[in-house]
Amino acid sequence: MDVTITLPDPAPDQAIVWRDGHFFLLDQRYLPDKEDYLALESAGAVADAIKNMVVRGAPAIGITAAYGVVLAARAAYQRSGAKWKQAVQPDLERLRNSRPTAVNLFWALDRMRQLITELPDPADPTEALLVEAGEIHREDIEANKRMGELGAALIDEPTGVITHCNAGALATGGYGTALGVIRAACEKRLIERVYADETRPWMQGARLTAWELLHDRIPVSLLVDGAAASLMSQGGIGWIIVGSDRIAANGDVANKIGTYGLAVAAKHHGVRVMVAAPTSTIDMSIPSGADIPIEVRESDELLSCGGKRVAADGATAWNPVFDVTPAALVDAIVTEKGVVLSPNEKKMRNLMAD
Ligand code: MRU
């Protein structure tokens with residue numbers, strides 16, 4: 001059973017918290033109404049939390065899964081002693097199967113799995129795995145700060161920007177990818193106004209991005225998703241700034257459904273598209289966006305709103321939650337290792353080789 005608590009003094013900006021041997025997630029399903037944390041005691045509970053959107057956003061899912069491995073290994077060692085490596089496998093599989101698109105999940109699990117192979121069988125693995133999960137968490141925040149600087153440097157004059165979904169502190173270890181760039185650019189007074197798509201059906205823009213930006217006293221105007229093209233046609237928008245769940249070897253970008261439409265409209269209006277994502281989001285094993293597994297969630301998410309059915313009885317729905325923006329529509333991919341302008345396979349290989 002889920003245990004909800006009000007965490008005393010959560011670090012500002014921290015949706016993912018390990019404290020005194022316990023793991024907590026800010027329950028993003030109920031923001032901004034409630035700022036409650038869920039206490040998660042097992043890897044199974046962590047996998048369910050990822051699947052059910054308690055935590056979401058590619059880097060945040062990866063970090064959460066890494067802490068899930070710590071819980072899994074601790075329990076496996078308590079149950080099976082020196083046979084813990086075998087006993088932990090079903091939990092690793094469960095975490096792997098929680099959501100399919102964000103490659104950060106698999107990247108973090110592979111990193112934890114590698115450490116598991118190196119640890120001695122007889123000793124309690126909890127501490128070593130916790131250090132590694134903490135390191136993944138810390139590195140992500142650091143990467144976001146660096147992307148913030150690099151992305152802000154691409155904005156040459158004060159302008160309006162549009163963002164989609166939530167690619168902020170809530171979606172990462174802290175600070176954010178797209179919202180990290182927006183935060184850094186705001187400090188330099190380069191942003192005249194942030195427009196956030198509301199992002200049906202989970203309303204990450206209306207609930208999460210607006211909540212985060214207003215916490216930082218950054219004014220934000222919400223748009224219904226279909227209004228972005230119209231706004232661009234009126235001028236005053238210099239950049240679309242988004243995050244990503246997986247970037248293929250040729251620079252194609254999977255992100256929240258609607259990003260592709262935004263990029264097509266941006267091209268038509270001469271608005272530039274910036275994708276801010278750490279290198280843990282880049283999947284060089286996938287040649288193009290066509291090979292990225294796209295999660296399709298339950299139709300009920302679309303047919304209802306706020307728990308109440310809104311669609312006509314008998315209507316069905318198609319609910320893919322990500323789409324692929326071809327590299328040709330992307331002006332810049334900003335990573336912690338550097339910026340790739342007009343991405344293609346050669347440039348992506350060079351970035352990842354450095
Ligand atoms: O379904 P979600 O809320 O997990 O989707 C999140 C997104 O699409 C984000 O834009 C992406 O993960 C980048 S987060 C830094």
Side-chain angles (χ1 to χ4, degrees), residues 13 15-16 25-29 31 49-65 98-108 137 139-141 143-148 151 162-183 196-209 211-213 225 240-247 253-263 273-283 289 292-298 301-302 319-325 330 333-336:
D13 232 16
I16 305 168
L25 288 174
L26 178 59
D27 194 336
Q28 299 191 28
R29 296 171 301 180
L31 286 173
I50 294 173
K51 196 175 293 211
N52 298 330
M53 308 283 284
V54 171
V55 59
R56 27 65 50 203
I61 293 172
I63 295 161
T64 298
S98 54
R99 286 189 82 184
T101 305
V103 76
N104 308 63
L105 173 75
F106 309 104
W107 174 87
H137 194 167
E139 284 171 18
D140 187 66
I141 300 173
N144 290 337
K145 296 263 167 77
R146 180 74 186 130
M147 285 186 276
I162 300 176
T163 190
H164 189 64
C165 194
N166 170 266
L170 292 167
T172 63
Y175 197 67
T177 55
L179 292 195
V181 171
I182 288 173
R183 286 187 159 100
D197 286 342
E198 61 176 354
T199 322
R200 275 278 290 153
W202 275 85
M203 311 300 270
Q204 289 95 331
R207 296 188 304 107
L208 310 178
T209 295
W211 181 79
E212 262 198 64
L213 290 178
D225 297 350
I240 307 295
I241 306 179
V242 292
S244 172
D245 286 79
R246 195 184 297 224
I247 299 175
V253 170
N255 191 45
K256 179 53 57 194
I257 190 80
T259 305
Y260 174 38
L262 265 185
V273 174
M274 186 192 306
V275 177
T279 49
S280 54
T281 302
I282 297 174
D283 184 353
I292 297 176
I294 298 294
E295 179 181 8
V296 178
R297 292 179 69 91
E298 294 194 358
E301 292 183 351
L302 271 190
N319 187 22
V321 298
F322 300 102
D323 59 24
V324 174
T325 300
V330 175
I333 294 178
V334 176
T335 76
E336 79 284 9

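Both ligands and their constituent atoms are indexed starting at 1 by order of listing. FYI, the numbering just counts along the sequence from 1. Small disclaimer: the values here were computed from a predicted structure and weren't measured.
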How close does the nearest protein non-hydrogen atom get to atom 8 (O) of ligand 1, and which residue and atom is it?
D245 OD1, 3.0 Å
Among all protein heavy atoms, pick out the one at the shortest distance from atom 12 (O) of ligand 1; state its residue, atom name and that distance to 0.1 Å.
A58 N, 2.9 Å
Can you name the atoms of ligand 1, numbered from 1 with element, that are less than 4.0 Å from a heavy atom of R99?
1 (O), 2 (P), 4 (O)
Just jot down the ligand 1 atoms closer than 4.0 angstrom to any heavy atom of T172, in number order.
15 (C)
Test of understanding: given a 4.0 Å heavy-atom threshold, classify the contact between Q204 and ligand 1 as side chain, backbone, both, or neither.
side chain
When you compare the side chain of T259 with that of V273, does any pair of heavy atoms fall below 4.5 Å?
no
Nearest heavy atom to atom 13 (C) of ligand 1, choosing from G205, A171, S244, belongs to S244
Numbered in order shown, the ligand 1 atoms found under 4.0 Å of a heavy atom of M53 are 1 (O), 3 (O)
Heavy-atom contacts under 4.0 Å between F322 and ligand 1: side chain, backbone, both, or neither?
side chain
Give the residue, atom name and distance (to 0.1 Å) of the protein heavy atom nearest atom 10 (O) of ligand 1.
N255 OD1, 2.7 Å
Check whether any side-chain heavy atom of V275 lies under 4.5 Å from a side-chain heavy atom of N255, and answer yes or no.
no
Just need the protein heavy atom nearest to atom 15 (C) of ligand 1, so name the residue and atom and give the distance.
T177 OG1, 3.0 Å
Donor-acceptor contacts under 3.5 Å from residues 53-60 side chains, at least two apart:
from : atom 1 : to   : atom 2 : distance (Å)
R56  : NH1    : Q28  : OE1    : 3.1
R56  : NH1    : N166 : OD1    : 3.0
R56  : NH2    : N166 : O      : 2.7

Under a 4.0 angstrom heavy-atom cut-off, which atoms of ligand 1 come close to A167?
14 (S), 15 (C)
What do you reckon, is OH of Y260 surrounded by more than 12 foreign heavy atoms closer than 6.0 Å?
no
Between V321 and V296, is any pair of side-chain heavy atoms under 4.5 Å apart?
no
Hey, does T172 have a side-chain heavy atom less than 4.5 Å from the side chain of T177?
yes
Heavy-atom contacts with G57 under 4.0 Å: which atoms of ligand 1 show up? List them by number with element.
4 (O), 6 (C), 12 (O)
Test side-chain hydrogen bond (donor to acceptor under 3.5 Å, both in side chains) on Q204 and T209; report intermediate values, then the result.
CA-CA 6 Å; Q204 289 95 331; T209 295; over 6 Å; no
Assess the residue pair R246 and D283 against the criterion (salt bridge (Lys or Arg N to Asp or Glu O under 4.0 Å)); give the C-alpha distance rounded to whole Å, side-chain angles, the decisive distance to 0.1 Å, and a yes or no.
CA-CA 6 Å; R246 195 184 297 224; D283 184 353; 2.7 Å; yes
Please work out which of M147, H164, Q28, K256 has its closest non-hydrogen atom nearest to atom 2 (P) of ligand 1.
K256
P59, portion touching ligand 1 at heavy-atom distance under 4.0 Å
side chain
For T199, all residues meeting side-chain hydrogen bond (donor to acceptor under 3.5 Å, both in side chains), sequence neighbours excluded
none
Measure V321 to ligand 1 on non-hydrogen atoms and call it side chain, backbone, both or neither using the 4.0 Å cut-off.
neither
Report the distance from atom CG of L179 to atom CD of E212, rounding to the nearest 0.5 Å.
5.5 Å
